[in-house]
Amino acid sequence: MAVSETTAAPPLPAHPDPQLDAILTGPLPHELSYAIGGPFHLLLPDRFDANAAAFPAVLDEFGVEGRVYYAKKANKAAVWIEQCALSGTGVDVASAGELRDALGHGVRGENVVITGPAKAESLLRVAVLQDCLIAVDALDELERVIAQAQTAARAARVLLRRLPPAQPHSRFGLDEKELACALSRCAEAGEAVVMEGFSFHLSGYDTQARAELAGELVDLCLKARALGLRADRISIGGGFAVDYTAAEHWEHFLEEQRPDHYHAGKSFTASDFYPYHSPVAGPDALRAILTTNALAGRLREAGVMLLLEPGRALLDRAGCTVFRVQGVKDRPGYGVVTVNGSSLSLSEQWFNSEYLPDPVLLPAHEPQGEPYAACVGGATCLESDMVTWRKVRFPTRPAAGDLLVYPNTAGYQMDSNESPFHELPLPPKVVLDTAGGTTRWRFDRHPLA
Ligand SMILES: Cc1ncc(COP(=O)(O)O)c(C=O)c1O
């Protein structure tokens, strides 16, 4: 059944990645699929290293002192934190489990920032003992940090997290009055607290908003110093956009997409989609922030360090997800491909949205036939378990045994929601080590370890 141009959703290919394509079109993905017997994720640590190095390079360009903390929530793999431990990149954790994992892989406590609301006592205790930097989110939390520091007879390193004035409904951070109380409490706490500065995290990807709030935090540092506090750094959180696809594809997709491009006439609000094209992304977004309102100069003059907590941006092009086609059925005008996993391995599907970079078909045999439009469902009993709702235009009709690769999934897509639903095993993560010009693979966390 050929695809009429009106059946399939407008194409949205991920940016070309010749180095990864060379691996994907070789025998390795089919070999791994055979060995693993279920979906799996491929991880590319070299990409993570390059992304993590690109941010400090921008800070250096501007002569701004700073530090990068990888936001660990974006992907649970061990390899990223192993790389952080080796390179001295910091890690942002938000739970006792994440902190244990980071410390256990060799990240030094002083290189960890603790974020998240109303932190568990067990998290605060280890954070204080390990000299981690704690982004305090509430006044009662500050009291608990001080109590932990007094019990341990150590100084707790803290940042005070600012409720963004432009996002007053955020449930995170301290408002102006609370900040004033927190500052005097820090001053009064004496040796129990080293107040190192302030932090925020903004929803969205706006560089201007980040620069403006960063400027306000620099001023707050100067005020805090008048109280005898150290206040020599600010964290601007994460939210450095990732550019998944070219502008022309993105614009065309947004203009053209409509319910009959989706299985079951499903509709999505375009503004709910992640902005899969961003003209200013990753380290360029940092450059834009530093340039806005001459922020770089203000940081230098005030002697304030700039801390960053990128998650998604450090994982850009650092991984993909591979399913095997288990069955294909025809429906009027398109097909339904069922893969050997579920949409729990593509988190975007669980936010009333759709992961839009197109999956790529790796046929098991020489492809024959005409282009074919199909949506992609999981091997579960749920109507709503759609790995892809839209009817993707494949070069040929997929067949059982073919592989389907979802590109650029390392940032938040792979494992935020995975569960062994239906007794399906969790997809393992396979690390591709490409050092020395050869490609070798290993499991991220060895199944026998
Ligand atoms: C405090 C904090 N820092 C950093 C991040 C990472 O954001 P991103 O992955 O968009 O860079 C988040 C994400 O929710 C966050 O809440």
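All ligand and atom numbering here is 1-based and tracks the order in the structure. We use all heavy atoms of the structure for the numbers below, so side chains are in, but hydrogens, waters and symmetry mates are not.
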Quick check on R185: does its CZ atom have over 12 non-hydrogen neighbours (other residues, nucleotides or ligands) under 6.0 Å away? yes

Within the 4.0 Å heavy-atom cut-off around ligand 1, the contacting residues, ordered by chain and number, are A71, K73, D92, T115, R161, H201, G238, G239, E309, P310, G311, R312, Y412

Could you pull out all residues at least two apart from Y244 that satisfy ring pair (Phe, Tyr, Trp, His ring centres under 6.0 Å)? Y274, Y276

Would you mind checking if R317 and D243 are paired as a salt bridge, meaning a charged N to carboxylate O distance below 4.0 Å? no

Find out whether V64 and L290 are in side-chain contact, i.e. whether some heavy atom of one side chain is under 4.5 Å from a heavy atom of the other. yes

I'd like to know if K76 and D444 make a salt bridge, using a cut-off of under 4.0 Å between side-chain N and carboxylate O. no

Using a strict cut-off of less than 4.0 Å between a Lys/Arg side-chain nitrogen and an Asp/Glu carboxylate oxygen, indicate whether E98 and K72 qualify as a salt bridge. no

